Each structure stands twice: as structure tokens, then as C-alpha cells.
Enquirer: 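I'd like to ask some things about the structure below.
Along the sequence shown, residues are numbered consecutively beginning with 1. Note that this is a predicted model, so its numbers are computed, not measured.
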Amino acid sequence: MTSEVSQVSLSELPMDNWMAHLPSALWDTPLCFMAIPGSHNAITYCLDKNDRSPVDLTQPDMLQKLDKYMKPIIRPFVYKWAIAQECNVREQLDCGVRYCDLRIAHRPNDSSDDLYFYHGVYTTITVETVLKEISEWLDVHPKEVVILSFSHFQGLSQELHTQLVSTIKSVFDSKLCPKTECVTLRNLWSRGYQVIISYEHNVAYCHHELWSHIPYWWANKSKAEALMEEFERRKQNGRPESLKDMVMSTYPTLLSWVRQQKPGSRTGSLNIIAGDFVTESKFVPTVIALNEHLLEGTT
């Protein structure tokens with residue numbers, strides 16, 4: 001596909017296949033120079049609301065104690081601040097997300113080797129199940145590439161890390177892009193690679209399919225002056241009711257800041273930026289549209 005710059009409006013591409021529809025002038029651009037939309041705390045749409053599920057061990061001791069003795073009162077507040085995405089992983093990919101922030105845990109006092117995601121509490125869905133869903137989605141979208149970031153490992157022994165890596169390799173198999181490859185869309189497409197694994201643990205050095213930490217910007221932690229001022233202003237008006245209330249109220253300011261960013265090779269250029277509740281705003285197409293800057297002067 002080729003396009004004149006004047007005809008390109010990347011924000012209007014079909015979001016489930018936006019990489020496949022990018023103009024050919026971008027096919028040889030390294031992914032690290034492109035603007036890629038991501039999902040922060042991607043698997044928090046299925047947190048376990050069963051009272052038997054403990055609060056995750058990263059939470060303050062006081063919260064863990066309160067949850068133990070005052071669960072009916074405490075849990076609703078935990079969920080309001082722990083859920084960062086309400087749509088499942090397939091829906092997030094359909095809306096254009098190509099980077100997923102995955103936080104992995106082995107639940108305490110669990111005799112099985114099952115691994116889950118967590119944020120406040122643990123998920124009901126296992127890591128393997130989600131990875132298989134992603135792989136099945138990629139089968140139907142052969143030109144889309146996802147970056148999966150595994151981090152914040154809680155309760156994982158070396159044996160469980162070994163098991164997780166084995167699961168990743170088994171599920172994605174030939175879709176995995178080794179870290180020695182030149183990562184452009186043209187190169188990935190020619191080799192059938194669709195998955196880049198960022199693995200924030202020293203086990204990554206032992207496997208050529210695992211990349212070490214791939215950094216991203218979290219939209220809500222941006223140091224952009226205007227965004228900080230907006231957060232401060234809203235904070236003065238009282239604490240929001242939930243994470244979603246806070247995020248959605250600041251999205252207009254956030255998107256205004258995102259539109260001012262540019263991808264590319266220069267210092268300060270934007271690459272991966274992840275947000276909360278990404279399917280409920282114009283966040284994803286706004287990030288994708290930034291790649292129009294890379295087309296300037298290419299025709």
C-alpha cells in the first residue's frame with residue numbers, strides 16, 4: 001500500500017489492522033522510532049471479586065490487615081482503584097493497542113503452578129489463557145505486531161520463571177521475534193514474527209527470544225507541565241471516586257499533550273505510551289496519528 005502524505009490520516013485507519021494499513025514509507029522504520037499505543041495494567045478487567053482472594057502482597061500492611069478484618073467495607077474501594085481496563089485483551093487489541101503491560105504473580109498459598117496477573121488483587125484468568133487468546137487474535141491479524149511486557153513478578157521462584165518462559169515459547173512459537181533481529185514491519189512480516197517479549201528479570205539474558213526491559217511512558221505519569229497542573233487542580237477539588245473517574249476527567253488534557261509529541265530517533269521522541277481505560281477515549285488513534293510526523297519529507 002502506498003499513499004501520498006496529503007492523503008494519510010492515520011487516526012482513521014481500521015484500528016484492528018492499523019499496522020497492516022500503514023503507508024509503505026513506514027515499513028522500514030524501526031519500531032523503536034514509531035509511536036505505539038499501549039495498555040497500562042492491561043489485564044485488570046477480570047480481577048477476582050471472590051472474598052477468598054487475598055489482596056496482593058505489594059499492598060501496604062495496613063490495607064492487608066483492614067482487608068482481612070473489614071473485607072466487605074474495604075474491597076469495593078480496592079476494586080475502584082485497581083481496575084485500569086474494563087475491556088478484555090481481544091477488545092483492547094481490536095481497538096489498536098500494540099503494547100500490553102503484564103504484571104505477573106503466583107498467588108500465595110496456591111499449591112498449583114498457575115500464574116495470574118495482579119493489581120490490588122489477583123485475576124481470575126491465568127497467564128497462559130491470556131497468552132493463548134493473544135496468539136489466536138494474531139492468527140487472524142497476520143500483519144499486526146504486539147509487544148508484551150512481563151514485569152513486577154510477585155512470588156515467582158526460579159522454577160516458575162522457567163515454566164513461564166516455556167509457556168511463552170510454546171504458545172507463540174514461530175511468532176516470537178528474537179532480540180537480534182532488525183525490528184521493522186517489513187522485516188517482521190517477511191519472517192512471520194508478531195510478538196516481542198519484554199521480560200524484566202535476569203532470566204531474559206538466557207533466552208534469545210526474550211528482550212530485556214523495553215521502556216514505555218505511562219500517560220498518567222507524564223511530566224508534561226500542563227498535565228501536572230491539571231492533576232493538581234483537580235486534586236484541590238477533592239479526591240475522585242475511582243481511578244476511572246480520575247483518568248477520564250484528565251483525558252482531554254492528556255490528549256492535548258500527546259498531540260504535541262513526535263516519534264523518531266531524536267532525544268525526547270515518543271515511542272511507546274500506555275494509558276488506562278484505553279478503549280474509552282481517542283487515546284489510541286491519537287497516538288497512532290503521531291506517526292504522520294515520520295512521513296514528512298518521504299514523498
Enquirer: Count I, L, V, M, F, W, Y as connected when their side-chain heavy atoms are under 4.5 Å apart, and connections chain through other members. Are Leu210 and Ile214 then in the same cluster?
Expert: no
Enquirer: Kindly indicate, with the supporting measurements, whether the criterion side-chain hydrogen bond (donor to acceptor under 3.5 Å, both in side chains) is fulfilled by Thr250 and Thr253.
Expert: CA-CA 6 Å; Thr250 56; Thr253 304; over 6 Å; no
Enquirer: After noting the C-alpha distance and the side-chain angles of Val287 and Ile36, does the key distance pass the side chain to side chain contact (heavy atoms under 4.5 Å, CB included) rule?
Expert: CA-CA 7 Å; Val287 173; Ile36 298 174; 5.8 Å; no
Enquirer: Heavy atoms, side chains only, cut-off 4.5 Å: are Asp94 and His141 in contact?
Expert: yes
Enquirer: Whether the Thr126 and Glu128 side chains hold a donor-acceptor pair (N or O, under 3.5 Å, no angle test) is what I'd like checked.
Expert: no
Enquirer: Quick one: closest heavy-atom pair of Phe283 and Ala274, and the distance?
Expert: CZ-C, 3.8 Å
Enquirer: Would Asp48 and Arg107 satisfy salt bridge (charged side-chain N to carboxylate O under 4.0 Å, His left out), going step by step from the backbone distance to the final call?
Expert: CA-CA 12 Å; Asp48 193 345; Arg107 297 196 300 192; 3.7 Å; yes
Enquirer: Quick one: does Thr167's side chain have a donor or acceptor within less than 3.5 Å of a partner on Gln163's backbone?
Expert: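 Yes, Thr167 side chain to Gln163 backbone: donor-acceptor pair under 3.5 Å.
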Enquirer: Under a 3.5 Å threshold, yes or no: a donor from one side chain and an acceptor from the other, between Ser39 and Gln92?
Expert: yes
Enquirer: Would you find a donor on one side and an acceptor on the other, under 3.5 Å apart, between the side chain of Asn17 and the backbone of Ala20?
Expert: no
Enquirer: Taking all non-hydrogen atoms of both residues, which atom of Trp211 and which atom of Ala204 are closest, and how far apart?
Expert: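 Residues Trp211 and Ala204, closest heavy atoms: O-CB, 4.1 Å.
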Enquirer: With a 4.5 Å heavy-atom cut-off, do Glu86 and Glu280 have their side chains touching?
Expert: yes
Enquirer: For the rings on Phe153 and Tyr199, is their centre-to-centre separation under 6.0 Å?
Expert: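 So the answer is yes for these two rings.
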Enquirer: Check whether any side-chain heavy atom of Arg259 sits under 4.5 Å from a side-chain heavy atom of Thr286, and report yes or no.
Expert: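 They are in side-chain contact.
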Enquirer: Per the ring-ring contact (aromatic ring centres under 6.0 Å, His included) rule, what does the pair list look like for residues 176-195, sequence neighbours excluded?
Expert: Trp27-Trp189
Enquirer: Looking at every heavy atom in both Val89 and Cys100, which two are closest together, and how far apart are they?
Expert: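 So the minimum-distance heavy-atom pair works out to CG2-SG, 4.5 Å.
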Enquirer: Among Leu188, Asn187, Thr184, which one satisfies side chain to side chain contact (heavy atoms under 4.5 Å, CB included) with Leu31?
Expert: Leu188
Enquirer: Would you say the side chains of His207 and Lys179 form a donor-acceptor pair under 3.5 Å?
Expert: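 No donor-acceptor contact under 3.5 Å links the two side chains.
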Enquirer: Is Ile43 reachable from Leu93 through a run of I, L, V, M, F, W or Y residues, each pair having side-chain heavy atoms under 4.5 Å apart?
Expert: yes
Enquirer: Could you check Ile83 against Lys244 for side chain to side chain contact (heavy atoms under 4.5 Å, CB included), going step by step and ending with a plain yes or no?
Expert: CA-CA 8 Å; Ile83 296 173; Lys244 186 175 184 181; over 6 Å; no
Enquirer: List the steps, then state whether salt bridge (charged side-chain N to carboxylate O under 4.0 Å, His left out) holds for Lys132 with Glu136.
Expert: CA-CA 6 Å; Lys132 287 180 177 178; Glu136 290 167 2; over 6 Å; no
Enquirer: Between the main-chain N or O of Leu10 and the side-chain N or O of Glu292, is there a donor-acceptor pair closer than 3.5 Å?
Expert: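 Indeed, once roles are kept as given, a pair shorter than 3.5 Å links the two residues.
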Enquirer: Can you get from Leu160 to Ile168 by hopping between Ile, Leu, Val, Met, Phe, Trp and Tyr side chains that sit under 4.5 Å apart?
Expert: yes
Enquirer: Closer than 3.5 angstrom, by distance alone: can the side chain of Gln154 be matched with the main-chain N or O of His106 as a donor-acceptor pair?
Expert: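 It does not hold such a pair.
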Enquirer: Does the side chain of Met15 reach to within under 4.5 Å of the side chain of Val97, using non-hydrogen atoms?
Expert: no
Enquirer: Assigning hydrophobic clusters by single linkage (Ile, Leu, Val, Met, Phe, Trp, Tyr; side-chain heavy-atom cutoff under 4.5 Å), is Val130 placed with Ile197?
Expert: yes
Enquirer: Evaluate the side chain to side chain contact (heavy atoms under 4.5 Å, CB included) criterion for residues Lys282 and Leu255: first the C-alpha distance (whole Å), next the side-chain angles of each, then the deciding distance (0.1 Å), finally the verdict.
Expert: CA-CA 8 Å; Lys282 295 293 184 181; Leu255 294 182; 4.0 Å; yes
Enquirer: Could you please spell out the steps behind the side-chain hydrogen bond (donor to acceptor under 3.5 Å, both in side chains) verdict for Gln158 and His161?
Expert: CA-CA 5 Å; Gln158 198 66 36; His161 272 290; 5.9 Å; no
Enquirer: Taking side chain to side chain contact (heavy atoms under 4.5 Å, CB included) as the criterion, tell me which of Ile273, Asp101, Asn271 meets it with Tyr216.
Expert: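 Of the listed options, the one satisfying the test is Asp101.
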Enquirer: How many angstroms lie between atom CD of Glu209 and atom CD1 of Ile196, to the nearest 0.5 angstrom?
Expert: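 Reported value, rounded in 0.5 Å steps: 13.5 Å.
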Enquirer: Under 3.5 Å, side chain of Gln261 to main-chain N/O of Ser269, donor-acceptor pair present?
Expert: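 The answer is no, because no donor-acceptor pair under 3.5 Å joins these two groups.
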Enquirer: Is there a side-chain contact between Val145 and Arg98 in this structure, where contact means two heavy atoms from C-beta onward sitting under 4.5 Å apart?
Expert: no
Enquirer: Side-chain contact test, heavy atoms from C-beta onward, threshold under 4.5 Å: evaluate it for Asn41 versus Arg103 and give yes or no.
Expert: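 Answer yes - side chains close enough.
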Enquirer: Can Leu270 be reached from Met34 by stepping across I, L, V, M, F, W or Y side chains whose heavy atoms are under 4.5 Å apart?
Expert: yes
Enquirer: Test side chain to side chain contact (heavy atoms under 4.5 Å, CB included) on Ser149 and Tyr99 and set out the steps.
Expert: CA-CA 7 Å; Ser149 176; Tyr99 172 98; 3.2 Å; yes
Enquirer: Can you check whether Leu185 reaches Leu22 side chain to side chain, under 4.5 Å on heavy atoms?
Expert: yes
Enquirer: Can you check whether His152's main-chain N or O pairs, donor with acceptor, with Tyr118's side chain at less than 3.5 Å?
Expert: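 Yes.
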Enquirer: Centroid separation under 6.0 Å, is that true for the rings of Phe117 and Tyr122?
Expert: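 No, the ring of Tyr122 stays outside the 6.0 Å limit from the ring of Phe117, centre to centre.
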Enquirer: Looking only at non-hydrogen atoms, find the nearest pair between Val195 and Leu138 and report the distance.
Expert: CG2-CD1, 3.4 Å
Enquirer: Could you pull out the closest heavy-atom pair between Val278 and Gln85, with the gap in Å?
Expert: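 Heavy-atom minimum between the residues: N-OE1, 3.2 Å.
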Enquirer: Are Pro263 and Leu294 packed together at the side-chain level, in the sense that at least one heavy-atom pair is separated by less than 4.5 angstrom?
Expert: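 SC-SC contact between Pro263 and Leu294 confirmed.
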Enquirer: Quick one: do His21 and Lys143 satisfy side-chain hydrogen bond (donor to acceptor under 3.5 Å, both in side chains)? Show the steps, please.
Expert: CA-CA 9 Å; His21 286 83; Lys143 284 195 167 185; over 6 Å; no
Enquirer: Would you find a donor on one side and an acceptor on the other, under 3.5 Å apart, between the side chain of Ser249 and the backbone of Asp245?
Expert: yes
Enquirer: List the atom of Ala35, the atom of Asn291, and the distance in Å for their closest heavy-atom pair.
Expert: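 Smallest heavy-atom distance, with atoms named: N-OD1, 2.8 Å.
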